[in-house]
Amino acid sequence: MGAGGPDEEDNRWPPWLKPLLRESFFVQCKLHADSHKSECNMYCLDCMNGALCSLCLGYHKDHRAIQIRRSSYHDVIRVSEIQKVLDITGVQTYIINSARVVFLNERPQPRPGKGVTNTCEVCERSLLDSFRFCSLGCKIVGTSQNFHKKNRQSPATASSDSEESYSNSNSSSHGGRKKNNDQSFSPSTPPPTAVNYRSAKRRKGIPHRAPMGGLIIEYY
């Protein structure tokens, strides 16, 4: 293949990385289903034969195995383990249970929070300013030669554009309805008639007393 082809893209990463990111962890091991240690949270970088439970590791002695952990239903791996075998530069790290970890795959947000100045170049999750990606998967996608970074507007620009659009819409709407509006004004309130005047005056008079025989009780 020529320069920049699929082979070159694949060679940029260890052969185990993409299979690792596609794997489903924390499922029950089919070989050791009867054991209470049958949860698959291990992965062998040399064999690349799927998620493994702790009992399966007996068949992978002297192999490079890493442990996958979970945070808020997302798979993570400790930085102390993954940085020995992979360059994680540009990927934001997090401290969970006193250990620094990185997420395996993207975790998109509906919209960045207010005041956010930096987001993941792939899924737009909020990041600290010194990072480019929120996960290992996003780094693979974001550093690919075929990846085109999205053009994002700042909140202030988006708000300005929205206000301008609203203003233009109102102007054209009002211009189109001006003639109709001039002809559809409600009739002015008629001047009060003698009956209305007397009614209004009566309402301002002495209020009716409660039916207590005209007795007024004063307290001293």
Side-chain angles (χ1 to χ4, degrees), residues 3-27 39-46 48 50-52 64-166:
D7 289 345
E8 182 176 339
E9 286 288 333
D10 291 339
N11 292 335
R12 295 176 64 240
W13 307 105
W16 48 263
L17 181 55
K18 291 183 179 179
L20 169 67
L21 300 182
R22 290 193 297 263
E23 192 61 55
S24 296
F25 293 95
F26 300 96
V27 296
E39 186 177 63
C40 294
N41 64 342
M42 306 294 295
Y43 191 83
C44 180
L45 305 183
D46 296 316
M48 299 182 291
L52 307 172
R64 297 175 300 166
I66 58 176
Q67 182 176 356
I68 306 301
R69 292 171 169 81
R70 179 154 285 193
S71 173
S72 301
Y73 303 101
H74 294 279
D75 297 334
V76 302
I77 186 170
R78 285 186 174 177
V79 171
S80 59
E81 291 187 57
I82 193 65
Q83 67 181 2
K84 296 177 182 178
V85 292
L86 183 68
D87 178 14
I88 61 172
T89 302
V91 181
Q92 179 161 321
T93 60
Y94 302 83
I95 296 180
I96 299 175
N97 295 332
S98 302
R100 189 169 294 276
V101 302
V102 292
F103 283 85
L104 268 61
N105 293 296
E106 67 175 37
R107 297 171 299 134
Q109 284 178 315
R111 63 178 63 180
K114 292 184 178 180
V116 173
T117 58
N118 185 41
T119 59
C120 176
E121 295 180 8
V122 177
C123 72
E124 300 188 354
R125 170 167 282 273
S126 303
L127 299 177
L128 298 177
D129 290 341
S130 57
F131 298 101
R132 297 175 57 194
F133 309 105
C134 72
S135 64
L136 301 179
C138 284
K139 180 173 182 177
I140 292 179
V141 175
T143 55
S144 170
Q145 295 180 357
N146 297 325
F147 175 73
H148 298 285
K149 186 177 179 180
K150 298 179 181 178
N151 293 324
R152 294 186 298 271
Q153 291 181 325
S154 65
T157 303
S159 176
S160 175
D161 291 347
S162 177
E163 290 175 0
E164 182 179 354
S165 174
Y166 176 78

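Just so we're clear, the structure is a prediction, and the values are computed from it rather than from any experiment.
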query = Between Asp75 and Arg69, does at least one N-O distance fall below 4.0 Å, as a salt bridge requires?
reply = no
ask   = CD/Glu81 to CG/Leu86 distance, rounded to the nearest 0.5 angstrom?
value = 13.0 Å
task = Would you name the heavy atoms of Ile66 and Leu45 that are closest together and state the gap between them?
result = CD1-CD2, 3.8 Å
inquiry  = Any non-hydrogen side-chain atom of Phe133 less than 4.5 Å from a side-chain atom of Val141?
reply    = no
task = To the nearest 0.5 Å, tell me how far Ile96 CD1 sits from Arg70 CZ.
result = 12.5 Å
request  = Compare every heavy atom of Cys138 with every heavy atom of Cys123, then report the nearest pair and how far apart it is.
outcome  = SG-SG, 4.0 Å
Reported CD1-to-CD1 distance for the pair Ile68 and Ile82, which is rounded to 0.5 angstrom = 7.5 Å
task = Kindly determine whether Val85 and Trp16 satisfy side-chain contact (heavy atoms from CB on, under 4.5 Å), including the steps that lead there.
result = CA-CA 10 Å; Val85 292; Trp16 48 263; 3.7 Å; yes
key: Flag for Arg107-Gln109: side-chain donor and acceptor within less than 3.5 Å   = no
query = Mind checking whether Glu106 and Arg125 have side chains closer than 4.5 Å, heavy atoms only?
reply = no
inquiry  = Main chain of Arg64, side chain of Asp46: is a donor-acceptor contact present, judged purely on distance under 3.5 Å?
reply    = yes
note = Heavy-atom closest pair (Phe25 atom, Leu104 atom, distance to 0.1 Å) is CE1-CD2, 4.4 Å
inquiry  = One pair to check against side-chain contact (heavy atoms from CB on, under 4.5 Å): Leu21 and Ile140. What are the steps and the verdict?
reply    = CA-CA 10 Å; Leu21 300 182; Ile140 292 179; 3.6 Å; yes
message = Quick check against the 3.5 Å criterion: does Ser72 have a side-chain atom that pairs as donor or acceptor with the backbone of His74?
response = no
key: Reference residue Lys139; test side-chain contact (heavy atoms from CB on, under 4.5 Å); the match among Val102, Val122, Thr89   = Thr89
note = Closest non-hydrogen atoms of Val91 and Cys134, given as atom of the first, atom of the second and distance, are CG1-C, 4.2 Å
ask   = Which heavy atom of Ile77 sits nearest a heavy atom of Gln67, and at what distance?
value = CG1-O, 3.8 Å
message = Please check this pair: side chain of Asn41 against backbone of Phe26, looking for a donor-acceptor N/O pair closer than 3.5 Å.
response = no
key: Test side-chain contact (heavy atoms from CB on, under 4.5 Å) applied to Leu52 and Cys44, step by step   = CA-CA 8 Å; Leu52 307 172; Cys44 180; 3.9 Å; yes
ask   = What's the spacing between Arg22 CZ and Asn105 CG if we round to 0.5 Å?
value = 10.5 Å
query = Roughly how far, to the nearest 0.5 Å, is OG1 of Thr143 from CD of Glu121?
reply = 9.5 Å
message = Would you compute the distance between atom CH2 of Trp13 and atom CG of Leu20 and round it to the nearest 0.5 angstrom?
response = 13.0 Å
